[in-house]
Amino acid sequence: MTVQVPKLEYRHRVDDLLRTERLPHVWCPGCGIGITLQAFLRAVKALEAKGVVDRKQLVFVTGIGCTGRASGYVRLDGAHTPHGRPIAYAYGVKLANPKLVPVVFSGDGDLAGIGGNHLLHAARRNFDMLVIMVNNFNYALTGGQLAPTTPHGAYSTTTPKGNPERPMDVARLVAALGANYVARWSIHYPVHIEEAIKRALPRRGFRFIEVLSICPEIFGRHIGFRSPVDLYERLRKVSKVKKPKTLEEIKYDWENEITLGVFVDKDEPGYMESICSVYNYDWCNELPERRWSKQ
Amino acid sequence: MTVQVPKLEYRHRVDDLLRTERLPHVWCPGCGIGITLQAFLRAVKALEAKGVVDRKQLVFVTGIGCTGRASGYVRLDGAHTPHGRPIAYAYGVKLANPKLVPVVFSGDGDLAGIGGNHLLHAARRNFDMLVIMVNNFNYALTGGQLAPTTPHGAYSTTTPKGNPERPMDVARLVAALGANYVARWSIHYPVHIEEAIKRALPRRGFRFIEVLSICPEIFGRHIGFRSPVDLYERLRKVSKVKKPKTLEEIKYDWENEITLGVFVDKDEPGYMESICSVYNYDWCNELPERRWSKQ
Amino acid sequence: MTLEIIIAGRGGQGILLTGYLLGKALVKKGYYVVNSEMYSAETRGGFSRSDLIVFPSEAEMDIIKVRKADIAIFMYKDQMHSYAEYVKPNAQLVILDGTFIDEPAKPWPRVLKVPFTRLAEEKVGTYRVANVFMLGVFSYVTGLIDPETMKEIIKTSVRPKWIEINLKAFDAGYNYAKENLERVEIKL
Amino acid sequence: MTLEIIIAGRGGQGILLTGYLLGKALVKKGYYVVNSEMYSAETRGGFSRSDLIVFPSEAEMDIIKVRKADIAIFMYKDQMHSYAEYVKPNAQLVILDGTFIDEPAKPWPRVLKVPFTRLAEEKVGTYRVANVFMLGVFSYVTGLIDPETMKEIIKTSVRPKWIEINLKAFDAGYNYAKENLERVEIKL
Amino acid sequence: MAPRRAYDIIILANRCKECGLCIHVCPKKILVTGNKQNQKGYRVTTVTKPSDCIGCRLCEFSCPDFVIRIEPSSNGVPKGLIVWGENEVEVIKG
Amino acid sequence: MAPRRAYDIIILANRCKECGLCIHVCPKKILVTGNKQNQKGYRVTTVTKPSDCIGCRLCEFSCPDFVIRIEPSSNGVPKGLIVWGENEVEVIKG
Amino acid sequence: MARREFLTGNEAMAEAAIAAGLRVFIGYPITPASDLFEYLAEKLPSYGGIVFQAEDEIASINALVGATYAGAKAMTATSGPGFSLMAESLGLAAMLEAPIVIVYNMRTGPSTGIATGTGQGDVMQSRWASHGHYGVVVYSPWSVQEAYNLVVKAFDTAWRLRVPTIVLSDAVIAHTRELAVVYEPGEVKVADRKPPREPPGEFKPFKPDPDDLVPPMAFYGEGYAVLAESLAHDERGYYTTDPENYERLVRRLEGKITRNKHHVVSSEARYTEDAETVIVAFGTLARSALALVKDLRKQGKKVGLWRPVSIWPLDEEGLSKAVEHADRVIVAEMNLGQLYREIARILGPTGRKIELVPVLTPELPGPDELLGYFEKAGVEI
Amino acid sequence: MARREFLTGNEAMAEAAIAAGLRVFIGYPITPASDLFEYLAEKLPSYGGIVFQAEDEIASINALVGATYAGAKAMTATSGPGFSLMAESLGLAAMLEAPIVIVYNMRTGPSTGIATGTGQGDVMQSRWASHGHYGVVVYSPWSVQEAYNLVVKAFDTAWRLRVPTIVLSDAVIAHTRELAVVYEPGEVKVADRKPPREPPGEFKPFKPDPDDLVPPMAFYGEGYAVLAESLAHDERGYYTTDPENYERLVRRLEGKITRNKHHVVSSEARYTEDAETVIVAFGTLARSALALVKDLRKQGKKVGLWRPVSIWPLDEEGLSKAVEHADRVIVAEMNLGQLYREIARILGPTGRKIELVPVLTPELPGPDELLGYFEKAGVEI
Ligand SMILES: Cc1ncc(C[n+]2csc(CCOP(=O)(O)OP(=O)(O)O)c2C)c(N)n1
Ligand SMILES: Cc1ncc(C[n+]2csc(CCOP(=O)(O)OP(=O)(O)O)c2C)c(N)n1
Ligand code: SF4
Ligand code: SF4
Ligand code: SF4
Ligand code: SF4
């Protein structure tokens, strides 16, 4: 598998973290997944440049969905796991080799729908992993069905007369569960996403970043914003950056406000350190999150 | 199946709601499940006496666990479903016959451990059902393994050196998800439990009552409180009745405080009414929760 | 006798809708019709293929995908080349969109090359209805489907705001064929 | 020859521990031992049964549960009656706790009735070690297990705070037997 | 002072598991572990001084085994009724 | 006033999907949909006035397809570089 | 009134469910079953039915069981990964004798496989996915019309036998359009539950009728205090460890299917009257096999086709009859030998040669490609 | 050094896993497997291993797969309901060729069944629980010592073949104490992964060695940028719908087991040298069957026992040899005929009479009771 490497000038800045031979990727024109992925890769490179993170230690785990396809493009150790199970898979990675750092990158349906129980318990345990959830407000890969994040009243192929359900505010939920780092940004804030990842990746415990994204091909079409730019602007309209003081101040309301910002930023011991407080494993002093946090 | 009915004087007040031919039940001496169950049955009888509730409309659904065995004793329609699935089963009951009122009665492991995803989504949807969770701080039926509710540091058969995990505050979580009614009591407050059920049972939407209970046989033994009375007092010590104003004020800390009280008490439309706002089903005006709430 | 029809083109050319409309019309005529689809994952630059197999009755029904087409409709060059091997050498009729195709891929005996896309743009105002324009032509040339039936079907199968323009395209194609093309007898 | 042993009593009498200790001692002696347990769900009023099958070697190993016991130890009346049918009519030895049992359920040829529970209470101070007292008696009477071995096993198998009293109970049983009972030769 | 009401303390003996919670919660401390065993071998709770009962029903509510029922006395006389069977009821007065 | 820095706007043409986000986000409005189609049939974004570029990299960060890279100009001259292939680079100046 | 429609298999199966009286559809999206769900989301509410999107397939199947106990005809539609997640509670449905219907559209496995491809890798799984011994009925259609008919039949079977019933379709049927004659509710014959014949207090929810071994069913809300017990239970639904009760129960879960086989088994034989070689194939592959058989007949070869419609249980009599004159039986299926195992077991003792042609591809092969797989397998014909 | 211990099956299997190099145990409590978990919770940390209680069995198995990719010998232990929940990702493990080990202690099913009873209802499920066609290896022990040995062997098989391997034990073994000879880590022989032979960039994580069909394995963290792809993938791990690639992949998932059968299959024959009737039984039931055979021998009947140790795949040669002189084969198992189906398929063409004795009870029958089941089934002996 010899990879043809084009001249440096003709490569993207993050190309060395991509399986470029597979580009262009499958995502539709204007899909926000790529924006999020790029921010992640930029963050990795930036942290690497500072000597904080070593890409060999990262394991990039995705579930099934459009977002889940990301693992096919990222040139890191990784896995494309069954629908809803990337967090579960990541448990095993970390337990087997505590020197690795699992990064879960997946869709809202995958993580908060079918995968909700793992999200719940990983956050509760403050289990050491970074989770980046791309929230495109629907089940995109399967054609636009209702997601737990779909706005109330919105059309989806399984709620053709409008969604009767109350959506889930996933970031708020994870914050309520006591994760170490919780932030929500939208793709209008690529630098903030990158910064959030730079802050969260080297941190111990459970770190969760929700990125509000656009799926113009399916979600946009259903709600009448077919062009990526229109949907981009529609989403920008409700995305409001704030510094909420209580959980109750965090909003997830497609008509008025979806609160953006950093909701939790603390540094309590993660799961791995907790077991180190009970057993003296030889890796206890080499947990990368512990070392990195200190830098 | 002709049932031998003893003279009225020699029956317990709730015996007509029990499959008395199966008593004494399997629960160990001093187990708090029976206290909780009795409170539920008293509430049913009280509501029935007021003409609010009709026992024929109740469906009593449990999962697997010591608590789950309750369905075997209650003389109502019911089900003893697989571990973690009573809420899922209850969905179907309600959807198939909206005039029925599902009551889920199960353990903390069942509902918040393996069944966490259903709890999450039922609460988020404000799905019309009453859930009573008996929290005995461990997986009792299988012999005292770690539960998501087991206090940090506590011994269990799967954490023989103490629990390294951070436990889950289930009532707080459900409150954060927007359920209509959320309360937590302990078995020291049998009248409060009964009152909570009397308030929550006829309500629409998702109603959740956590009951802190004692499992002297297993949990008590592990943590050194073998006698029911000792464990009862140990639990009383940390059970503190409050009126928390924010979610953050709700505590779940075995060493200092487990907050008791009514955390949420509101009356937003439940899932069934939400679909009625989209489709005009013939049962839409006959939802029992709607009628009962008004009484 | 079984009639096998293949319709292929690029993603976005409305190939699948064309097959569906044609199939529906043939079902209305009393045939047992099988219509299967293939398409690539990409929105652009991908392919689309719709197969129709027309059986005189259900009892004769067997295959689902075209083995060798009696009628082939290619709306784009690349797909013509990809699927030429699935067309009978002596196919009853091969229709090509002359907008994108210069030469038939094989020496099929009866080839009808019409620049549907260009004509649709010219006569109906948008290239997007080239497929239904083609159906108009097909209807006239083969006589397999009755134009009124097809127009009824269009009315119930297309999104309301697209009905008008599609009916217009169908008529335009039908009239174009009537004026410029000869009929071909199809055996079934 | 295979030796089948059944030990049964009420929940709470330590039946399972007795089987375990006996099994471990027999394994130490080089036998291939199978020890299976049955018990009811209730804490009280339930039953407990421990089966031991002693094979001279692994090659001869087959059954898991006792078919017909060569040696039966009944610590409570009800269980004696329930399981009497699993004891060979010519059993080599039947041991009964005379505290709870008046009469053997069947006319077994060699019955040893000792009020273990009462004696444990009297001589060791607690009825809870009646089972180990019985083991002391068993050790002397059958000669199947060496008292020192058994005491070593007790030391590693019982919770630290219970070791002392159990050792005491074992010795008490052994000495009681030595003073009051005759040895029985067990064929194996 | 209003006259004290009299209560019957009904105990369905064969359900009792001797856990002691009723005894523990009774504010008047009138319940004790009895000497008689039930079918399951538990020593059933019994009543010492029924006339002290204030009818708070804490024992009833706190019994996990549906054993106890407190009722205003059937005949005005406070009593304990230990129900061993349909036709075997031990009556405790005092 | 410090001298404006010059930037190269590098566009990897065959990855572009013509979504228009870069064009939309560019504060200087110097990106436009081009006329030339890439291998997938998309009309690739191109640059009108590279000298207006302020190097904010919003286009780069907002492109979902890893198409754009902004670099301080290699030779001090602001330019657009539309990379069609290793040996086929369209240079846009102005 | 019967209508002739041009529908995809998914649309037809949705229509069939409506005609059969579907009241509750509970689903979780998955290719290639999502559009069945979506079609019902559009249409079922106008028939008074509810469509519910669960949080996962585990919720779906448990809710389905609850729905049947509450009296509704209930169905879900899924594919491999979703069906796998349902494994545990498929056993629940069998144990509770809940008349649930599952449309199982096979795709290319294992694991995530090729979500858009077709497959037949789930023959064994459809029967044995859950732990313990129990029974299910599985039908497999080869056309849109048959998919319609079998969904109707699945409801009939599920409610007649109180047994979970699966329609094992595939991605090809799901998305192929064909002529289908469809009906409105009330126009098709579907069994209803047998209502309780005793009053509450006397009625035993798991007491079978001795003739068909199927217990009458009381619904929730009717006052029977029915306990749906997932533990081993007696006729009252009470947990018991009694071995004889256990044996009776488990025997009946499978036995009621055998006992009522005449309602269930079904197969089709083509050109078998004089066939010396019989090809066995099911589902859409049988269509290609039929075309192949016709080709071979044209070459003068005495080849026939036998196609099971009920896969579990198989129509063993039909099979025996179809192979009467054949000394060779060739099983072609899109896996490495699953249906083959059953055919080999049934026909093995007859001494016939039973060969396997595995067809491993995400696309349904046409007759010519199918012949290629025969050659690849070294099976001459 | 070898130690003679008096252990329950669960304790022995836990010891075996430690000896085999277990680094990560991930479990969810369930009877009768919880005490294996608990034993490891006490003991594994002192060997540097981690014990993790997952939120459910789905998390367990997915985490297990992740753990093997990160380089750890990893195991879980469960029973029927838990195994059912693992169905989906059992297919993942097969697809990713993840060397996971599952101890499956059978209990009385279906559904919640009788949690404290034993069973053998999961023979088929252990092989076919997940969707699509794939391969697994299943061993079944009949004694504590064999349970020990087979757990060691399961690790060897899993890592040698990169195939999920199941030890199908039961409630009786789980809780019965027997003499077992146990070892310390390093004292038993267990295959390790084949490490990559090419440098990063050239190494292809799913490129099999042509001789054993097993791809070398690079671990996470070693710089190979390994992608564990649950979709159909080529040798690089890249998703592809290419039919030929697909066929190659699926054939290999099953084929590598067949190819390496000599490492896998195992069975035991007793008294078969001259047996006219051979009883086939596995697991603990085979112990009762052996005792029965001895009884019958005493009566002068020429009866033998054949007992598969590897259940999937079966030792077909061993079976053929065992029945050489027999004209009758009787399969006794605690279900309504699962292993029976395979035996009947294999031996059917030989013309022998293959009979089934179903033993439906939550308690292991002794030889006398087993004989009762023969009579009940109308099988004279
Ligand atoms: C068990 C299972 N159920 C269903 C599916 C089908 N499926 C694939 S992706 C998906 C949802 C994708 O939504 P999301 O996670 O939000 O990701 P997106 O595609 O929107 O990025 C579903 C339901 C599956 N693969 N597996
Ligand atoms: C799928 C599955 N996994 C595991 C089990 C075993 N199991 C039965 S009950 C139980 C936990 C019970 O704990 P909880 O729900 O807290 O109820 P409790 O017994 O404490 O009342 C478990 C793990 C099971 N029955 N099914
Ligand atoms: S369907 Fe939506 S989420 Fe998926 S690639 Fe297209 S735009 Fe992105
Ligand atoms: S084990 Fe605990 S929870 Fe279960 S019945 Fe006994 S005391 Fe109650
Ligand atoms: S609380 Fe109930 S079970 Fe406990 S001792 Fe009192 S009467 Fe008996
Ligand atoms: S870097 Fe900024 S100014 Fe320059 S082209 Fe991109 S968006 Fe426009």
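Within every chain, numbering begins at 1; the chains are lettered A, B, ... in the order of the sequence lines, protein sequences first and strands thereafter. In what follows, every heavy atom counts, from backbone to side chain, and hydrogens, waters and symmetry copies are set aside.
In this structure, chain G has no heavy atom under 4.5 Å from any part of B/Tyr73. Contact of G/Glu88 with chain B is made through the side chain alone, with heavy-atom distances under 4.5 Å. For B/Ile87, no part lies under 4.5 angstrom from a heavy atom of chain G. With a threshold of 4.5 angstrom between heavy atoms, B/Leu120 does not approach chain G through any atom at all. At a 4.5 Å heavy-atom cutoff, the contact between B/Leu95 and chain G is made by backbone and side-chain atoms alike.
For the pair B/His118/G/Asp56, a side-chain contact is recorded, criterion being any heavy-atom separation below 4.5 Å from C-beta on. Between B/Val278 and G/Pro45 there is no side-chain heavy-atom pair separated by less than 4.5 Å.
When atom types are taken as modelled, the side chain of B/Tyr91 and the backbone of G/Ala67 share no donor-acceptor pair closer than 3.5 angstrom. In this structure, G/Tyr220 contributes its side chain and B/Gly78 its backbone to a donor-acceptor pair below 3.5 Å.
Counting heavy-atom pairs closer than 4.5 Å to chain B, the top residue among G/Ala72, G/Ala228, G/Gly49 is G/Ala228.
In this structure, B/Arg19 forms no cation-pi arrangement with G/Tyr238, as its terminal cationic atom is not both closer than 6.0 Å to the ring centre and no more than 45° off the ring axis.
Closest approach of G/Ile50 to B/Trp283, counting heavy atoms only: CD1-CZ2, 3.5 Å.
Around the NZ atom of B/Lys99, the shell of radius 6.0 Å holds no more than 12 heavy atoms that belong to other residues, nucleotides or ligands.
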